[in-house]
Amino acid sequence: MTRRPGLTARLVMAQLLVVFVGLATLFVVASAVGPPLLRRHLRSAVGAVSPHLSRHLEHAFLAAGSISLAIGIAAFLAAAVVAAVLLTRRLSRPIHELADAADRVTAGDYTARLGPTRLGPEFETLTSAFNTMADALENTERTRPRLLGDVAHELRTPLATIEAYLEGLADGVRTLDEHTLEVLGAQTTRLHRLVEDISLVSRAEEHQLSLARSTLPAARLVDAAATAVRPGFRTRGVDLRVMVAPGTPAVDADRDRLVQVLVNLLTNALRHTPSGGTVTLAAEPAGGGAVISVADTGEGIAPEHLPHVFERFYRADPARDREHGGSGIGLTIARALVQAHGGTLTASSEGPGKGAVFRIGLPPASDGPDLQGSNVGA
Ligand SMILES: Nc1ncnc2c1ncn2[C@@H]1O[C@H](COP(=O)(O)OP(=O)(O)OP(=O)(O)O)[C@@H](O)[C@H]1O
Ligand SMILES: [Mg+2]
């Protein structure tokens, strides 16, 4: 296979082609327009001249014109070649740098980044898109070993319990009574939930999650979530308040998935709010869309933990949070599901003891009726 010339050579050739086409046009136009013009000027300056003199003058004019044009064109060509080479080098350097950086990323070096090109917005968009991609890959690569370690750690605890109970049964130390079955069942359920959660997060993060979306009033989502968690709140003596501001627009959502997110946030709030406290589930209009928030008056989140709560397997207080049965993946799932809806999920807290607020921002439903929420009591 013949090797095609490089980008620099092709760009220079393209620019020189433009120059040659320009020169050819100039030559054709000048030779078509020049002689008749000369004849007209002669006629008006000296009147009728003999054909011999006319031919002589025309030759002299063409010779002088051609020589000056040739000298001009030679200088012009030299300048054009220099300019074309310089310009092309300037243009092709960032492209070569991009190719080198992409090669490094392909080879597994995710620290490759591109500097500013100062070649206009198109190049800036290209370099910033590349750098963002490399950032994301580097981040994934950095968290991957920890993720695998975390998964192994989460699997180890229930597996160790199951193993211990099975050994006890085999040794005759334990009998297959109700308690043993309950423990084995609970640990199996925990493993099952973990596997489901991990699979859900991966699918959501790979954008493989199919959402059954429809236009829904925010009040309906909020009501469904509140109904699901209310018995738990009653048992724990925590007050659950539900408020939907008038004018809250409808959202384009997968009902079950968003209710799952809200139940997740409400379960967290309940888990971290002592009895006598209050959890408020509210929906209100914001920026054309809707914001659904879950605010509690509980333990709050320390500033050093706040940026991490959405990370997989992150628990502010691992021992205590695990005791509650949590594996630290609930908020990761919640955020992935909200993002799959084109929304945002953020957390804020004034600090320990001051409660926490989780806010879901959802874009407005793109079509369908503008269903308005109604006020819903507690
Ligand atoms: N409302 C809240 N108040 C205080 N801390 C919270 C609140 N919600 C979440 N957190 C903190 O964020 C951590 C991560 O929450 P997440 O829901 O991801 O995990 P989890 O509840 O521990 O486990 P899982 O949801 O998988 O059962 C929690 O362990 C807890 O430390
Ligand atoms: Mg949780």
Side-chain angles (χ1 to χ4, degrees), residues 143 146-147 149-158 186-205 222 225-226 228-229 232-233 236-242 257-282 291-340 344-360:
T143 53
R146 206 189 71 210
L147 172 70
D150 286 341
V151 171
H153 183 79
E154 290 306 317
L155 292 173
R156 204 170 289 133
T157 319
Q187 297 306 321
T188 318
T189 309
R190 188 169 164 187
L191 285 174
H192 196 253
R193 204 196 122 195
L194 191 65
V195 170
E196 290 293 313
D197 285 355
I198 293 170
S199 145
L200 187 61
V201 171
S202 329
R203 273 185 293 144
E205 288 179 351
V222 161
V229 297
F233 276 73
R236 293 275 314 276
V238 175
D239 190 18
L240 175 62
R241 292 190 191 155
V242 183
R257 296 291 194 199
L258 266 199
V259 170
Q260 179 185 358
V261 170
L262 292 176
V263 167
N264 222 318
L265 297 179
L266 288 165
T267 311
N268 276 355
L270 176 61
R271 204 179 267 171
H272 297 281
T273 305
S275 69
T278 305
V279 173
T280 309
L281 173 60
V291 165
I292 306 180
S293 58
V294 175
D296 65 59
T297 58
E299 292 162 17
I301 305 170
E304 67 267 27
H305 294 303
L306 206 50
H308 303 291
V309 290
F310 295 102
E311 289 172 13
R312 286 173 282 208
F313 302 114
Y314 190 87
R315 284 168 292 213
D317 182 345
R320 269 197 55 208
D321 290 328
R322 191 175 297 123
E323 215 174 90
H324 290 309
S327 53
I329 204 168
L331 285 178
T332 317
I333 294 178
R335 178 175 263 184
L337 287 176
V338 170
Q339 286 175 344
T344 54
L345 174 58
T346 53
S348 58
S349 171
E350 305 256 297
K354 303 219 171 117
V357 185
F358 286 82
R359 269 190 200 84
I360 304 172

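When a ligand or atom number is given, it counts from 1 through the structure's own listing order. Here the structure is a predicted model, which is why all the values come from computation and not from measurement. Numbering starts at 1 and runs along the sequence shown.
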Participant: Would you call V357 and T280 a side-chain contact if the rule is heavy atoms closer than 4.5 Å?
Facilitator: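 No, every pair of side-chain atoms sits at 4.5 Å or beyond.
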Participant: Which pair of heavy atoms, one from S349 and one from L306, lies closest together, and at what distance?
Facilitator: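 The pair with the smallest heavy-atom distance is N-CD2, 3.9 Å.
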Participant: How does D296 reach ligand 1, if at all, at less than 4.0 Å between non-hydrogen atoms: by side chain, backbone, both, or neither?
Facilitator: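 Near ligand 1, D296 shows its side chain, while the N, CA, C and O stay back.
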Participant: Can you classify the ring geometry of Y314 versus H305 as parallel (below 30°), tilted (30 to 60°) or perpendicular (above 60°)?
Facilitator: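 Geometry flag for H305 against Y314: tilted rings.
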Participant: Are side-chain heavy atoms of E299 and P352 found at a separation under 4.5 Å?
Facilitator: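 No, their side chains stay 4.5 Å or more apart.
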Participant: With a 4.0 Å cut-off on heavy atoms, is G298 touching ligand 1?
Facilitator: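 Flag not set, G298 not near ligand 1.
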Participant: Between R315 and D317 (salt bridge meaning N to carboxylate O under 4.0 Å), is one present in this structure?
Facilitator: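 Salt bridge absent between R315 and D317.
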Participant: Is the shortest N/O to N/O distance between I329 and ligand 1 below 3.5 Å?
Facilitator: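 Yes; at least one N/O pair falls below 3.5 Å.
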Participant: When you look for heavy atoms under 4.0 Å from ligand 1, do you find them on the side chain of R193, its backbone, both, or neither?
Facilitator: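 For R193, only side-chain atoms sit under 4.0 Å from ligand 1.
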Participant: When V279 is tested against each of T273, T297, L265 for side chain to side chain contact (heavy atoms under 4.5 Å, CB included), which residue passes?
Facilitator: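 Of the listed options, the one satisfying the test is T273.
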Participant: Considering the Mg ion (ligand 2), could you give the total of protein N/O/S atoms lying closer than 2.8 Å?
Facilitator: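 N, O or S atoms of the protein closer than 2.8 Å: 1.
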Participant: Residue-level breakdown please: for E299 versus ligand 1, do any non-hydrogen atoms fall below 4.0 Å on the side chain, on the backbone, on both, or on neither?
Facilitator: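 Neither; nothing of E299 gets under 4.0 Å from ligand 1.
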Participant: State whether the shortest distance between N or O atoms of N268 and N or O atoms of ligand 1 falls below 3.5 angstrom.
Facilitator: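 There is such a contact, yes.
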Participant: Could you list the residues that satisfy ring-ring contact (aromatic ring centres under 6.0 Å, His included) with H192, not counting sequence neighbours?
Facilitator: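 If we apply the ring-ring contact (aromatic ring centres under 6.0 Å, His included) test to H192, skipping adjacent residues, there are no hits.
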Participant: Less than 4.5 Å apart, any side-chain heavy atom of K354 and any of I301?
Facilitator: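 Of all side-chain heavy-atom pairs linking I301 with K354, none is under 4.5 Å.
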Participant: Looking at non-hydrogen atoms alone, which of V309, L266, D317, T273 comes nearest to atom 11 (C) of ligand 1?
Facilitator: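 Of the listed residues, V309 has the closest heavy atom.
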Participant: Minimum heavy-atom separation for R335 and L345, please, with both atom names.
Facilitator: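 So the minimum-distance heavy-atom pair works out to NH2-O, 2.9 Å.
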Participant: Counting from 1, what ligand 1 atoms have a heavy atom of A269 closer than 4.0 Å?
Facilitator: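 Heavy-atom distances to A269 below 4.0 Å select 1 (N).
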Participant: Are L240 and V229 side-chain neighbours, meaning at least one heavy-atom pair lies under 4.5 Å?
Facilitator: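 A side-chain contact under 4.5 Å exists here.
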Participant: Look at the side chain of S275 and the backbone N and O of V238, then say whether any donor-acceptor pair between them is shorter than 3.5 Å.
Facilitator: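 Checked: no pair found.
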Participant: In terms of atom number and element, which parts of ligand 1 are under 4.0 angstrom from non-hydrogen atoms of G300?
Facilitator: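 Answer, ordered by atom number: 4 (C).
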Participant: With a 4.0 Å cut-off on heavy atoms, does R271 reach ligand 1?
Facilitator: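 It does; at least one heavy atom falls under 4.0 Å.
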Participant: Consider every N or O of A316 and every N or O of ligand 1, then say whether any pair is closer than 3.5 Å.
Facilitator: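 Yes, at least one N or O pair falls under 3.5 Å.
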Participant: Under 4.0 Å from any heavy atom of G328, which atoms of ligand 1 are there?
Facilitator: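 Here the atoms of ligand 1 in question are 18 (O), 19 (O), 20 (P), 22 (O), 23 (O), 24 (P), 26 (O).
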Participant: Using a 4.5 Å cut-off on heavy atoms from C-beta on, say whether the side chain of V201 contacts that of I329.
Facilitator: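 Yes, at least one pair of side-chain atoms sits under 4.5 Å.
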Participant: Looking only at N/O atoms, are F358 and ligand 1 under 3.5 Å apart anywhere?
Facilitator: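 Checking ligand 1 against F358, no N or O pair falls under 3.5 Å apart.
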